[in-house]
Amino acid sequence: MIVLGISCYYHDSAACIIKDGKVVAAAAEERFTRIKHDNNFPTKAIEYCLDSLKISANEVDVVAFYEKPLIKFERIISQHIENFPKNYHQFIETISPWLSHRLNIKKTLQDEVNYFGEVRYIDHHLSHAASTFYFSPYKKAAVVTIDGVGEWSTTTIGVGSGNDIQIDKEIHFPHSLGLFYSTLTTYLGFSANNSEYKVMGLAAYGNPEPFKKHFEKIIKLNPDGSFELNMDYFDFDWANHMPSKKMIELFGYPVRKKDGPVRKYHENIAAALQKKLEEAVFHILNNVYKTYKVKNLCFAGGVALNSVLNGKILSNTPFNKLFIPPDPSDAGGAMGAASYIYTELTGKLVKNNNFHPYLGPEYKWYQIEKQLKNHGLKFQRIKDDKKLVDRTANLIKNKKVIGWFQGRMEWGPRALGNRSILASARTTQMRDIINAKVKKREMFRPFAPVIIESETNKYFETDSYISPSARWMLMVYPFKKIGLKQVPAVVHVDGSGRLETLIRKDNPKYYDLVKAYQKKTKIPIIINTSFNVRGEPIVCTPEDAIQCFLKTNIDYLVIENFIVKK
Amino acid sequence: MSTLKEIKKVSKKIKNKVDALIEFVSIFLIFLLGIGTTKLLARIFSKSFLEKEYPKGSWKIYQRNKDSLKMY
């Protein structure tokens, strides 16, 4: 059986294809269209999924759509009725796409990819729940999803057991932890559904205390484990701007302008926001544990991308084990929807034994060689992987910045060693060098370390159980002293690091590279940051990688077995 | 030929503008008559479409239609 899962029309459209229970391919539309967080119908991602099986659209048995469009439309109309007439602008802007195509997925599938078969629709949060529980190593787990909003739900809790996911309770829009965080993200001058991770990074610089009381007015935690937003402080239910005048009055500072200076009070607000989010999530999770008494937790939804929060879950709740999928956000809903429908129709679970996130396109050496020649670049082909890895490790040791393009592109928002920029983490200057040469991003944002998994306990203060999600850069832990001393370039201001743990089975060439570097330096950690420039999606094709290499001051491009020097 | 092409181009532009105007007027009417009237009725019958306050906690029992063939 072939199931194609799709998610689109909010942010980060994506497609995923499952054949006989195995995830064969998955990718976000933005990587193909080069439009960051592209929310259009994922035509190109679907075409890639079909190409990976060498099939036409009508050979797919069923398409799984990641939400129920009519219920979502009902919520949007309810918002408009409630806020009439002040929502006039938003109504004019948003209603047309709903009436023209968003309610007619079947027609769009016919027009865009020539698919005339069956389409099934799964509740948005059930898609999230499936994206985590069906890919987790647990037979039974509490399942919690928290995001901006799906149809009506913003938060759901339930339990997964065997083939079954039972969602029991939900919290409805407008009470949303995702939208709470996004609203403050826009207040701090960053864009919603895009830059929440920047606020998370900024939070480490601040002191939450001066704004603690302010947040107590904005969000209330109820004794039953639920939460409630005070909607006087929010306008997201009717306007394009998210914080209300009352929120601006509460904090006593205007909304920060995009690219304006970051002041101490911005850092403090970010710190208080992060703390309040953590408090609210732990409040929910502790209640969930009381209800289900299950030691395993599966977590998904956009809020599960908050890796600082994730790293604290096991130490602040009674759960012993935690699983978050590589893409817990809306794009991941495509995989969740496909896996849910596969299980519903066959009664079988997806095969998750060797589950890894390397599910995107890959390119043959001759395609790459042709591209390099087209650009008139001088290159060397090193056929022996060992020699390639050794040479690259030497370059990294010698403080060179490497564009590393290998194998299949990663599924999810993080570059995990196949579309990465790699560098030594031994001096703090490397952070400035990468920023100056390539990333040009805000100086307060940290770079992430990739570490050989077996060395994690030596360098980090982790939980006794290290979640497999740490392999996908979803956990932040404090560094131990040895880490602070040896790899300062990846230590954030609060002494933490958003680590990516690495096992050979997942990515042999990448693992061998870090191991070769360790042999030369006695340090099993290097910098891994995404292969892109600020504001662009991560590179997908060799052409994207070459363009990025040429536009920036990356020293070497290692693209499959070719080494290109500028 | 070029004149014919020009005419076609201009008429296409006019058509697009007329389409956009019709769409705008239709959506405006939907807003005013559909949304506005419903809001008025909701006011009369004290009906709220978004629950903004929960005196006893905000959990709701999850009752979504699990029939995946349905869009609702």
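Each chain gets a letter, A, B and so on, in the order its sequence line appears, and its residues count up from 1. Bear in mind that the values here come from a model prediction, so they are computed numbers and not experimental data.
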Give the member of A:G158, A:P174, A:P223, A:G225 that has the highest number of heavy-atom pairs under 4.5 Å with chain B.
-> A:G225

Would a distance-only check, ignoring hydrogens and angles, find a side-chain to backbone donor-acceptor pair under 3.5 Å from A:D235 to A:M242?
-> no

Toward chain B: residues of residues 280-292 of chain A with heavy atoms under 4.5 Å | A:I284, A:N287

Close side-chain approach of A:V62 to A:L345, heavy-atom, < 4.5 Å = yes

Ionic contact status for A:E74 with A:K72, cut-off 4.0 Å | no

Looking only at A:L99, A:D123, A:I105, most heavy-atom pairs under 4.5 Å shared with chain B are made by A:D123

Whether over 12 other heavy atoms sit under 6.0 Å from B:F45 CZ | no

For A:H80, is it the side chain, the backbone, both or neither that has a heavy atom under 4.5 Å from a heavy atom of chain B?
-> both

With chain B, the option among A:K220, A:E151, A:K68 that has the most non-hydrogen atom pairs under 4.5 Å is A:K68

Are A:T155 and A:E170 close enough that a side-chain donor and a side-chain acceptor fall under 3.5 Å?
-> no

Six-ring centre of B:Y62, A:K169 cation under 6.0 angstrom, axis tolerance 45° = no

Less than 4.5 Å apart, any side-chain heavy atom of A:Y121 and any of A:P69?
-> yes

Is the distance between the ring centroids of A:F173 and A:W152 less than 6.0 Å?
-> no

Are A:D232 and A:K217 ion-paired here, with the side-chain N under 4.0 Å from a carboxylate O?
-> no

Donor-acceptor pair between A:H125 and A:S153 side chains, under 3.5 angstrom | no

Counting heavy-atom pairs under 4.5 Å with chain B, the top scorer among A:I71, A:D224, A:L221 is A:D224

Please state whether the side chain, the backbone, both or neither of A:N230 comes within less than 4.5 Å of a heavy atom of chain B.
-> neither

Contact list (residues 82-92 of chain A to chain B, heavy-atom gap under 4.5 Å, by number) returns A:E82, A:N83, A:F84, A:P85, A:N87, A:Y88, A:F91, A:I92

Would you please go through residues 63-72 of chain B and name the residues with a non-hydrogen atom below 4.5 Å from one of chain A, in numerical order?
-> B:Q63, B:R64, B:N65, B:K66, B:D67, B:S68, B:L69, B:K70, B:M71, B:Y72

Does the side chain of A:T183 reach to within under 4.5 Å of the side chain of A:M247, using non-hydrogen atoms?
-> yes

With A:K348, which residues qualify under salt bridge (Lys or Arg N to Asp or Glu O under 4.0 Å), at least two apart?
-> none

Salt-bridge test for B:K60 and B:E51: reply yes if a basic N is under 4.0 Å from a carboxylate O, no otherwise.
-> yes

Flag the pair A:H124 / A:Y10 as yes when their ring centroid distance falls below 6.0 Å, and as no otherwise.
-> no

Could B:K52 and A:E228 be called an ion pair, given the rule that one side-chain N must be under 4.0 Å from one carboxylate O?
-> no

With a 4.5 Å cut-off on heavy-atom pairs, point out which of A:I171, A:T156, A:N222 contacts chain B the most.
-> A:I171

Is the A:Y9 ring parallel, tilted or perpendicular to the A:F65 ring (thresholds 30°, 60°)?
-> tilted

Max heavy-atom pair count under 4.5 Å with chain B, selected residue of A:I122, A:D168, A:V119 | A:D168

The ring pair (Phe, Tyr, Trp, His ring centres under 6.0 Å) partner of A:F236 among A:W238, A:Y233, A:F234 is A:F234

Under a 4.5 Å heavy-atom cut-off, does chain B meet the side chain of A:E67, its backbone, both or neither?
-> neither

